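Before any comments, here is the structure.
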Number of protein chains: 2
Amino acid sequence: MFKELDPLLHSQLRLQVMSLLVGVESAEFTYLLEETGATRGNLSVQITKLKDAGYINVNKSFRNNYPLTTCKITPKGVEVFEKYVEALQDYLNMDKKSSTQ
Amino acid sequence: MFKELDPLLHSQLRLQVMSLLVGVESAEFTYLLEETGATRGNLSVQITKLKDAGYINVNKSFRNNYPLTTCKITPKGVEVFEKYVEALQDYLNMDKKSSTQ
DNA sequence: ATAATTAAGTTTATTTTATAAACAAGTTTA
DNA sequence: TAAACTTGTTTATAAAATAAACTTAATTAT
């Protein structure tokens with residue numbers, strides 16, 4: 001009946017990040033920070049988890065002497081995201097079978 | 001940008017339970033058990049949380065000498081479930097603004 | 001009739017997760 | 001040169017999910 005929900009995606013902040021990344025070429029740490037409203041620490045942790053899972057790639061460089069971290073969703077990331085969205089449909093479906101009682 | 005996701009609903013098992021209940025008049029503990037595939041302990045805990053939040057009503061009685069627990073979603077439960085589903089749309093939206101890079 | 005098994009849950013304990021607080025390393029400004 | 005800011009990471013704490021163990025009573029087998 002219910003498909004499993006990827007626990008790595010079924011988390012508010014990580015899902016926000018993936019949702020943001022799926023629509024863009026890449027995004028900076030500070031951009032994700034602003035869009036999500038998360039704390040830097042939390043965002044850092046969740047980005048690491050997504051990277052470790054191979055859902056995103058993280059590039060670290062410098063810009064104007066400051067560290068610059070950019071994230072980009074991977075093909076696998078797109079795939080699992082789409083799968084998650086599809087699995088979730090089962091859970092949100094409003095038209096259900098009739099009463100049990 | 002992103003609306004908050006009710007943490008009580010943003011949980012695989014509790015969401016399954018709510019999803020099942022939203023479509024029926026009421027459902028028995030054992031029915032929820034079968035449909036969700038959860039353990040009895042876990043289901044018991046999550047049902048209690050949903051009850052404490054006022055999202056469902058729980059009725060305890062007996063049938064054939066055995067305990068019978070039935071759950072029914074409350075108006076508030078329907079409301080928060082619908083709100084959750086709506087909030088989630090932000091996260092699943094595939095058509096996003098163009099690149100940041 | 002009593003021991004083992006099943007039914008239907010609950011409670012407790014453990015593992016995982018999420019989050020915030022503290023830290024780091026360097027840069028800019030007063 | 002000291003204070004404040006930028007951009008993160010690491011660590012510690014709080015919260016949550018889950019499973020294992022327990023409970024109470026009923027049924028079945030011996």
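Naming: A, B, ... by sequence-line order, numbering from 1 per chain. Predicted, not measured: the structure shown is a model, and the values here were computed from it.
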Rounded off to whole Å, could you give me the [atom1]-to-[atom2] distance for the [X] and [N] pair?
{"X": "L68(A)", "N": "dG8(D)", "atom1": "CG", "atom2": "C1'", "value": "11 Å"}
{"X": "Y31(B)", "N": "dA8(C)", "atom1": "OH", "atom2": "P", "value": "16 Å"}
{"X": "E4(A)", "N": "dT18(D)", "atom1": "CD", "atom2": "C1'", "value": "13 Å"}
{"X": "N64(B)", "N": "dG9(C)", "atom1": "CG", "atom2": "C1'", "value": "17 Å"}
{"X": "H10(B)", "N": "dA16(D)", "atom1": "NE2", "atom2": "P", "value": "13 Å"}
{"X": "L9(B)", "N": "dA16(D)", "atom1": "CG", "atom2": "C1'", "value": "15 Å"}
{"X": "L50(A)", "N": "dT9(D)", "atom1": "CG", "atom2": "P", "value": "13 Å"}
{"X": "I47(B)", "N": "dT10(C)", "atom1": "CD1", "atom2": "P", "value": "8 Å"}

Toward the 5' end of DNA chain D, by each residue's nearest nucleotide, V45(A) or R63(A):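 In this pair, the answer is R63(A).
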Test item: [X] and [Y] side chains (from C-beta on) under 4.5 Å apart, heavy atoms:
{"X": "K83(B)", "Y": "K3(B)", "answer": "no"}
{"X": "Y91(A)", "Y": "L88(B)", "answer": "no"}
{"X": "E86(B)", "Y": "E82(B)", "answer": "no"}

query: Side chain of F29(B): nearest nucleotide among dT10(C), dA18(C), dT18(D)?
result: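 Of dT10(C), dA18(C), dT18(D), dT10(C) is nearest to the side chain of F29(B).
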task: Consider the side chain of Y66(A), meaning its heavy atoms from C-beta on, and name the nucleotide among dT28(C), dA17(D), dT6(C) that approaches it most closely.
output: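 Looking only at side-chain atoms, Y66(A) lies closest to dT28(C).
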Verify the cluster assignment for [X] and [Y]: are they in a single hydrophobic cluster under the rule of side-chain heavy atoms below 4.5 Å apart?
{"X": "L21(B)", "Y": "L33(B)", "value": "yes"}
{"X": "L68(B)", "Y": "Y66(B)", "value": "no"}
{"X": "Y31(B)", "Y": "V45(B)", "value": "no"}
{"X": "M1(B)", "Y": "I47(A)", "value": "yes"}

message: With side-chain contact (heavy atoms from CB on, under 4.5 Å) as the test, pick out the partner of I56(A) among K72(A), K49(A), M18(A).
response: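 Among the candidates, only M18(A) passes.
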query: Atom CD of E34(A) and atom CZ of F29(A): how far apart are they, to the nearest 0.5 Å?
result: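 With rounding to 0.5 Å, CD (E34(A)) is 11.5 Å from CZ (F29(A)).
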Report yes if at least one side-chain N or O of [X] is closer than 4.0 Å to OP1 or OP2 of [N]; otherwise report no.
{"X": "K49(A)", "N": "dT17(C)", "result": "no"}
{"X": "N65(A)", "N": "dT6(D)", "result": "no"}
{"X": "K60(B)", "N": "dA8(C)", "result": "no"}

query: When all nucleic acid strands are considered with a 4.0 Å heavy-atom cut-off, which category describes T48(B): base, sugar-phosphate, or nothing?
result: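 Nothing, no heavy atom under 4.0 Å.
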message: I'd like to know if the side chain of T48(A) and the backbone of S44(A) have a donor-acceptor N/O pair within less than 3.5 Å.
response: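 It does hold such a pair.
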message: Check whether T70(B) reaches the backbone of E28(B) with its side chain - one donor and one acceptor, N or O, closer than 3.5 Å.
response: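 Pair absent, no side-chain N/O of T70(B) close to backbone of E28(B).
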query: If we fit an axis to the first five pairs and another to the last five of the helix from dA1(C)-dT30(D) to dA30(C)-dT1(D), what angle do they make, to the nearest 10°?
result: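 Its terminal axes enclose an angle near 20°.
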query: Tell me, which of residues 37-44 of chain A have any heavy atom that sits under 4.0 Å from an atom in DNA chain D?
result: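 Under 4.0 Å from DNA chain D: R40(A), G41(A), S44(A).
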- request: Give, ordered by number, those residues of residues 11-18 of chain B having at least one heavy-atom distance below 4.0 Å to an atom of DNA chain D; if nothing qualifies, reply none.
  value: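 Close to the strand are S11(B), R14(B).
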